[in-house]
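Here's the structure we're looking at; comments come further down.
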Amino acid sequence: MADTPVLQLYNTLTRSKAPFAPIDPDNVRMYVCGPTVYDFAHIGNARPVIVFDVLYRLLRHLYGADHVTYARNITDVDDKINARALRDFGAEISDGRLSLNEAIGRVTEKTANQFHADVAALGCLPPTHEPRATDFVRPRRDGKADMITLIERLISRGHAYVAEGEVLFDTASMEDYGQLSKRNLEEQQAGARIAVDAHKKNPGDFVLWKLSSPEEPGWESPWGRGRPGWHIECSAMSAAYLGETFDIHGGGLDLIFPHHENEIAQSRCAHGTKVMANVWMHNGFVQVEGRKMSKSEGNFVTIHELLHEERFGGRAWPGEVLRLAMLMTHYREPIDFSVKRLEEAERLLAKWPAGGDAEKGRIDETVLAPLLDDLNTVAAVQALHALSGRAAPDDFAASAALLGIAPKKASLSGALEAEIAAAVRTRLDLLKARNFAEADKIRDDLLAKGIQLKDGKDPATGERVTTWEAKR
RNA sequence: GGCCUCGUGGCGGAGUGGUUACGCAGAGGACUGCAAAUCCUUGCACCCGAGUUCGAUUCUCGGCGAGGCCUCCA
């Protein structure tokens with residue numbers, strides 16, 4: 001009897017790895033900050049989605065598929081969205097053909113759909129819950145947590161105050177503010193470039209609610225018609241689906257401060273709890289050609305472009321390749337997204353057996369073990385590669401599925417397959433006749449169409465056996 | 001100015017106080033009519049300096065270098 005496998009996870013809160021112990025093994029709860037839907041998701045946005053998808057799959061394997069709850073929000077209220085709506089639908093709005101809210105709806109709907117298509121192509125399972133911020137602004141009929149109620153509670157508990165039409169979180173009211181990012185507010189202020197707002201008690205205080213002008217989107221609230229600050233949505237939605245305290249909270253490195261720090265402050269102060277989530281996990285950045293990806297650098301690559309256009313390396317890339325390339329670096333390390341790296345991932349994938357049934361197979365220990373060590377996908381990929389030569393196809397598929405990889409045979413039309421089979425037979429006949437020139441012409445023609453022939457020997461008879469593989 | 005990461009062969013990337021993975025690419029070979037595929041073999045590294053130690057790539061300190069956060073950001 002093997003030992004019960006123990007999952008070790010690196011916790012940003014303690015800056016160390018520790019064994020993972022769920023609050024309730026029957027319901028392991030994880031929250032990951034999702035996209036703000038104003039534009040195509042870029043390859044950097046894909047990293048947390050893929051990384052935490054692997055963790056989700058691993059948790060489902062360890063605790064059972066029905067015992068893991070994964071919530072990932074969609075942020076559909078944000079000033080960037082408003083700006084995008086005005087940019088894209090400005091004419092319609094000024095004509096009166098479209099209200100701003102309708103235009104915002106179009107932007108968020110289109111972007112959210114695109115996001116779903118992108119991450120599905122990357123082999124990510126949908127989360128258990130995918131709440132939208134706009135559904136959690138005002139108190140809900142179902143009694144789930146909402147932003148306005150949270151803000152009211154923060155005010156009544158003395159953790160927030162109203163000033164100049166804004167509701168602000170009072171960072172000084174929380175004794176241990178700054179634990180996640182290891183920031184000490186007093187020290188921080190010396191050289192920081194925090195804009196000094198006169199209405200803030202402390203420079204680190206942040207907005208929970210701000211008033212909207214008539215043309216800005218807004219919701220009625222005790223403080224007037226307005227909209228929520230950036231952080232409060234995650235406090236509300238995580239509480240709504242995972243409770244006041246839950247197991248794992250994930251996101252990108254850059255969210256540690258201020259976003260996650262402030263989420264913690266809001267949630268803990270509103271609920272009077274010692275912790276918001278036990279384990280905080282953060283993935284590293286994606287760089288492109290060795291530099292931070294940013295619009296000003298001009299190296300901004302969207303998932304959509306990689307999948308469907310020929311912008312990166314002059315060709316489109318299958319989602320599986322992008323996913324594997326992403327998992328070939330440990331999630332906490334920076335990753336340099338390059339053509340070379342994608343090519344290597346594609347080569348690996350091409351060598352792996354396709355068509356196994358993951359449902360029927362068993363996950364191999366050598367693939368599972370490294371994942372238990374803080375999601376060491378690099379070692380898991382290597383173990384999978386070692387496995388590819390010796391495992392039964394179903395077992396290989398089951399092990400690959402843990403990483404969300406399902407090697408597929410290139411699907412060709414039946415007619416094309418028949419055509420290839422006929423060409424192969426003709427070639428074999430020509431070879432028997434030692435007509436190499438004609439035989440090679442068939443091979444070259446097929447290769448030009450992307451069909452690579454591979455000759456082998458039947459081990460028993462020594463006869464030539466030809467198989468083929470579709471390149472790309 | 002404050003805080004946080006990180007520096008391993010051509011590339012990717014584990015790991016360890018002593019014997020230095022692995023993958024890709026490269027080289028050589030086997031096989032083949034020739035290729036491809038496959039198999040075998042193989043070269044190549046632990047940023048610099050000091051310290052601790054019998055011994056450091058691994059521990060400590062310092063330096064150099066890279067990146068990130070402190071303002072919207074995965």
Side-chain angles (χ1 to χ4, degrees), chain A residues 10 12 15 32-36 38-39 41-52 72 75 78-80 83 178 180-195 203-204 206 230 250-261 282-287 290-295 300 303 325-336 338-348 350-351 370 373 376-386 388-389 431 434-437 439-440 443-444 446-447 451-457 464-469 471:
Chain A
Y10 182 89
T12 307
R15 315 270 161 171
V32 174
C33 290
T36 299
Y38 71 99
D39 201 353
H42 56 69
I43 189 64
N45 301 108
R47 170 112 102 144
V49 180
I50 292 172
V51 163
F52 291 104
R72 186 182 64 211
T75 296
D78 187 284
D79 289 354
K80 288 194 290 288
L180 182 70
S181 57
K182 302 260 188 284
R183 269 161 226 264
N184 174 307
L185 285 174
E186 284 93 61
E187 285 175 12
Q188 204 68 66
Q189 284 161 26
R193 293 175 285 161
I194 299 173
F206 55 90
W230 173 33
L253 205 62
D254 53 325
L255 293 181
I256 294 174
F257 190 90
H259 184 54
H260 287 166
E261 196 69 80
H282 294 94
N283 61 271
F285 264 91
V286 174
Q287 300 182 318
R291 296 163 140 207
K292 179 180 173 174
M293 183 167 55
S294 72
K295 286 187 172 165
F300 196 87
I303 304 171
M326 197 68 93
L327 295 178
M328 291 192 321
T329 294
H330 186 87
Y331 76 92
R332 283 193 277 121
E333 298 290 321
I335 182 172
D336 188 10
S338 62
V339 173
K340 191 167 181 177
R341 158 179 219 106
L342 292 177
E343 286 171 345
E344 184 173 337
E346 186 167 59
R347 267 194 297 269
L348 276 185
K351 289 180 184 176
D373 180 14
N376 188 344
T377 54
V378 183
V381 167
Q382 300 237 357
L384 199 59
H385 186 52
S388 68
L431 286 174
R434 299 192 67 77
N435 185 345
F436 297 121
D440 288 355
R443 185 174 66 194
D444 293 344
L446 285 174
L447 186 59
I451 306 299
Q452 173 74 62
L453 294 188
K454 296 188 285 194
D455 290 341
K457 258 185 193 171
R464 188 191 292 251
V465 178
T466 299
T467 57
W468 56 269
E469 170 190 325
K471 299 253 187 190

Roughly how far apart, to the nearest Å, are [N] and [M] at atom [atom1]?
N     : M     : atom1 : result
B/U60 : B/A66 : P     : 23 Å
B/U19 : B/A56 : C1'   : 15 Å
B/C72 : B/G67 : P     : 23 Å
B/G49 : B/G7  : C1'   : 16 Å
B/G10 : B/G33 : C1'   : 35 Å
B/U52 : B/C24 : P     : 44 Å
B/G1  : B/C44 : P     : 43 Å
B/C47 : B/U38 : C1'   : 40 Å

Students often get this wrong, so: under 4.0 angstrom with heavy atoms, is [X] touching a base, only sugar-phosphate, or nothing?
X      : answer
A/I256 : nothing
A/G284 : base
A/G44  : base
A/D78  : nothing
A/D440 : base
A/L348 : sugar-phosphate

Distance, rounded to the nearest Å, where [X] contributes [atom1] and [N] contributes [atom2]:
X      : N     : atom1 : atom2 : result
A/I451 : B/A37 : CD1   : P     : 16 Å
A/D336 : B/G13 : CG    : C1'   : 13 Å
A/L342 : B/C24 : CG    : P     : 17 Å
A/N435 : B/C34 : CG    : C1'   : 14 Å
A/E333 : B/G13 : CD    : P     : 8 Å
A/Y38  : B/A74 : OH    : P     : 6 Å
A/E346 : B/A25 : CD    : C1'   : 15 Å
A/L384 : B/G13 : CG    : P     : 18 Å

Looking at [X] and [Y], would you say the former's side chain and the latter's main chain have a donor-acceptor pair under 3.5 Å?
X      : Y      : result
A/R47  : A/G284 : yes
A/N45  : A/H42  : yes
A/D373 : A/N376 : no

Margin query: If you assign each of A/H42 and A/L253 to its closest nucleotide in RNA chain B, which residue comes earlier from the 5' end?
Written below: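 Residue closer to the 5' terminus by nearest nucleotide: A/L253.
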
Item checked: A/K80 vs A/M328, nearer the 5' end of RNA chain B by closest nucleotide ->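 First, find each residue's nearest nucleotide; the 5'-ward one identifies A/M328.
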
Would you say [X] places a side-chain N or O within less than 4.0 Å of OP1 or OP2 belonging to [N]?
X      : N     : answer
A/R443 : B/A36 : no
A/H282 : B/C4  : no
A/K340 : B/G10 : no
A/T329 : B/G13 : yes

Pair partner, [N] [Watson-Crick or wobble, under 3.5 Å]:
N     : answer
B/G12 : B/C22
B/U60 : B/A50
B/C3  : B/G68

Selected nucleotide, minimal atom distance to [X] side chain, candidates [options]:
X      : options             : answer
A/F285 : B/G23, B/C34, B/C69 : B/C69
A/R15  : B/C4, B/G12, B/G15  : B/C4
A/K454 : B/A36, B/A74, B/C6  : B/A36
A/H330 : B/C24, B/G67, B/A14 : B/A14
A/D254 : B/G15, B/C24, B/A74 : B/A74
A/R464 : B/C24, B/A35, B/G15 : B/A35
A/R341 : B/G13, B/A35, B/A74 : B/G13
A/Q382 : B/G23, B/G33, B/C69 : B/G23

Checklist line | Distance-only donor-acceptor test, A/E344 side-chain atoms vs B/G23 base atoms, 3.5 Å | finding: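 Check passes, donor-acceptor contact within cut-off.
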
For a quick test of reading the model, state the closest non-hydrogen atom pair linking [X] to [Y] and the distance between them.
X      : Y      : answer
A/I303 : A/A46  : CD1-CB, 3.7 Å
A/D336 : A/R341 : O-CD, 3.3 Å
A/L180 : A/H282 : CD2-CE1, 4.3 Å

Check: Within a reach of under 6.0 Å around CZ of A/R15, are more than 12 heavy atoms found that belong to other residues, nucleotides or ligands?
Finding: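 Enclosed: over 12 neighbouring heavy atoms sit under 6.0 Å from CZ of A/R15.
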
Next item on the list: Check whether NZ of the Lys or CZ of the Arg A/R72 lies under 6.0 Å from the centre of the six-membered ring of A/F52 and within 45 degrees of that ring's axis.
Entry: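 No, A/R72 and A/F52 do not form such a contact.
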
